[in-house]
Student: 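One structure coming up, written as C-alpha cells, with questions to follow.
Quick note on labels: first sequence line is chain A, next is B, and so on, each numbered from 1.
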Amino acid sequence: MRAAEIAIPLLIVALLAYALIKKVNIYKAFAAGAAEALPQLVSVLPYLAAMLTALEALKSSGALTALVGALRPAAQRIGLAPELIPLIVLRPFSGSASLALLKETLAQYGADSYIGRAAAVLVGSTETVFYTVALYFGSVGVTKTRQAIPASLIGGAVGAAIGILLVRLM
Amino acid sequence: MTAVGIVFFSVQGNGAGALEALTRGCDGAISLTVALAGPYLLWSGLMRIADEAGLVKKLARIMKKPLSLLMPDAPEAAAPVTLNLAANFFGLGNAATPFGLEAMRRLDRGDGRASDSMAMFIALNSSAIELLPTAVIAIRTACGSAAPYDIAIPTFVASLAAAGASIVSCRLLGRLIK
C-alpha cells in the first residue's frame, strides 16, 4: 500500500499545521499525551503476561494439537479440508504463529491451490481474538468479559466458513 | 488454559518443558509491551495535539450518530473508536492499538465488568476489516503465487460476514450473559 504509506505522514503534517493555526502548544501537548501513555502500558503488562503464558502453555504442551485432532472427524463430516483445521484453531490465539503456519501451508500445497487460497483468506479475514481481548480488557482491568469472546469467535467462524465457500466458488 | 497446558505437559512427563513455556509466555509479554511502547507514545502524543486543536471533538460529533447504533452508551468514546477502526481498515495495526486502548479507557466504568459497548468494540475489532490484507499478500508473493491479490475480494467479503455475525451475536449473547 504505497498510498497509505504516504498518506499517514501527510496526515500528521496536516494535523500539526492545523494545531499551529489553532495556537496549540504542540510540544507540551505531545508530551502530556505521551506521559499518559506510560502508566497505561505498565498496567497492561501483567494481563498480557497472564494471557501469553496461558497461550504458550497451550501451544507448546501439544494441547492445541490435540484439539485439532479432536476436531478432525467433525470437520470432515461438514466437508472441510482437514489441512485447514490447524490454521482455524490457531488463528484466534496467535497472529505470528498463524502467519508462519500459512507460509508452511502455502509451501506444501502451493500458493494458488485450493488449500493455499482458502488458507490465505482464512488468515486475512479473521483476527487474533484472544490477544485483542487480553490487551484491551487488560488495559482497564476488566476480568468479566461477558459475551465478548463467544461473540468474536462466532464471528470468526462465520467469516472462515464464508471465506472457504467463496474460494471454492472462485 | 494454563492449567490445561500444564496437565498436557505432565502427561508427557515434561516438567522442564512446562516451566520453559510459562517463562516464554511472560518474556513475550515484556517484548510485546516494549514493541508497543514506541507507537503508543507517538500516537498518544499526536492524539493529545488533535484533542487540544478541537479535532477529536469534531470527529466525535460526526461519528456519534452512526456509532450509537452499535454502542449506545458510549458517545465520549466515538473519536478513538473511529480512529481505531480507520487505522485497522488501512492496515496500520501499530496505530490502531493506541486508539483502541484509549477507547477502552473511555468506555470503562471501573467495575471490572465488560459493558455491552465494550464487548461490541472487541467484537468489531475481531473481524479484521481491512482494505488490503497486506501480510497475507506478501506471504503469497513470497510463496510464488501467480496472482497474489486475487484473494483480496473474498477476504474482504469474509471479514464483512465475520463482522456482521460478531455484531448480531454480541447483541443476542449480551442479553443472555449478564
Student: Looking at B:R48 and A:E36, is there a salt bridge between them, counting it only when a charged N and a carboxylate O are closer than 4.0 Å?
Tutor: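 B:R48 and A:E36: salt-bridged.
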Student: Could you look at B:D116 and say if it's the side chain, the backbone, both or neither that has a heavy atom under 4.5 Å from chain A?
Tutor: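 Both parts, backbone and side chain.
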Student: So for B:T97, is it side chain, backbone, both, or neither that comes closer than 4.5 Å to the heavy atoms of chain A?
Tutor: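 Both parts, heavy atoms under 4.5 Å.
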Student: Side chains of residues 132-145 of chain A: which donor-acceptor partners sit under 3.5 Å, not counting sequence neighbours?
Tutor:
residue, atom, partner, partner atom, Å
A:T132, OG1, A:T128, O, 3.0
A:Y136, OH, B:N84, ND2, 3.3
A:S139, OG, A:Y136, O, 2.8

Student: Counting only heavy atoms closer than 4.5 Å, note whether B:F121 contacts chain A via side chain, backbone, both or neither.
Tutor: side chain
Student: For A:Y47, which residues count as a ring pair (Phe, Tyr, Trp, His ring centres under 6.0 Å) partner, sequence neighbours excluded?
Tutor: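 A:Y47 satisfies ring pair (Phe, Tyr, Trp, His ring centres under 6.0 Å) with no residue once adjacent residues are dropped.
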Student: Between the side chains of A:D112 and B:R140, is the shortest nitrogen-to-carboxylate-oxygen separation below 4.0 Å, so that they form an ion pair?
Tutor: yes
Student: Using heavy-atom distances under 4.5 Å, tell me whether B:S127 contacts chain A through its side chain, its backbone, both, or neither.
Tutor: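 Interface part for B:S127: backbone (N, CA, C, O).
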Student: Let's test your reading of the structure: which of A:A107, A:G163, A:G124 forms the most heavy-atom pairs below 4.5 Å with chain B?
Tutor: A:G124
Student: Who among A:L55, A:I21, A:I12 has the most heavy-atom pairs with chain B under 4.5 Å?
Tutor: A:I12
Student: Using non-hydrogen atoms and a 4.5 Å limit, figure out which bit of B:A96 sits close to chain A: side chain, backbone, both or neither.
Tutor: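 Backbone of B:A96 only, per the 4.5 Å heavy-atom cut-off to chain A.
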Student: Counting only heavy atoms closer than 4.5 Å, note whether A:Y27 contacts chain B via side chain, backbone, both or neither.
Tutor: neither
Student: Against chain A, label B:A18 side chain, backbone, both or neither, depending on which of its atoms sit under 4.5 Å from a heavy atom there.
Tutor: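 For B:A18, no heavy atom lies under 4.5 Å from chain A.
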Student: At a heavy-atom separation under 4.5 Å, does B:M47 approach chain A through its side chain, its backbone, both, or neither?
Tutor: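 Nothing of B:M47, per the 4.5 Å heavy-atom cut-off to chain A.
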Student: CG of A:L166 to CD1 of B:I151: how many Å apart, nearest 0.5 Å?
Tutor: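 Those atoms lie 12.0 Å apart.
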Student: Side chains of A:F30 and B:L42: does their closest heavy-atom pair fall under 4.5 Å?
Tutor: yes
Student: Please classify the contact of B:N125 with chain A as side chain, backbone, both or neither, using a heavy-atom distance under 4.5 Å.
Tutor: both
Student: Please find the pair of heavy atoms, one from A:A57 and one from B:L22, that lie closest to each other, and give the distance.
Tutor: CB-CD2, 3.8 Å
Student: From A:E127 CD over to B:S159 OG, what is the distance, rounded to the nearest 0.5 angstrom?
Tutor: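 Taking CD in A:E127 and OG in B:S159, the distance rounds to 10.0 Å.
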Student: Is it the backbone or the side chain of B:A147 that comes under 4.5 Å from a heavy atom of chain A, or both, or neither?
Tutor: backbone
Student: Ring pair (Phe, Tyr, Trp, His ring centres under 6.0 Å) with B:F9: which residues, sequence neighbours excluded?
Tutor: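 Once residues adjacent in sequence are excluded, B:F9 has no partner under the ring pair (Phe, Tyr, Trp, His ring centres under 6.0 Å) criterion.
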Student: At what distance, to the nearest 0.5 angstrom, does CG of B:L46 lie from CG of A:L16?
Tutor: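 With rounding to 0.5 Å, CG (B:L46) is 6.5 Å from CG (A:L16).
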Student: Nearest heavy-atom pair of B:S126 and A:V129: which atoms, and what distance?
Tutor: CB-CG2, 3.8 Å
Student: Applying a criterion of heavy atom separation less than 4.5 Å, what residues of residues 160-178 of chain B form contacts with chain A?
Tutor: B:A161, B:A162, B:A165, B:S166, B:S169, B:C170, B:L173, B:G174, B:I177, B:K178
Student: Select one option (side chain, backbone, both, neither) describing which atoms of B:D51 are under 4.5 Å from chain A's heavy atoms.
Tutor: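 Contact with chain A involves no heavy atom of B:D51 at all.
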Student: Look up atom CD1 in A:I26 and atom CD1 in B:I49, then write down how far apart they are to the nearest 0.5 Å.
Tutor: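 Rounded to the nearest 0.5 Å, the CD1-CD1 separation comes to 5.5 Å.
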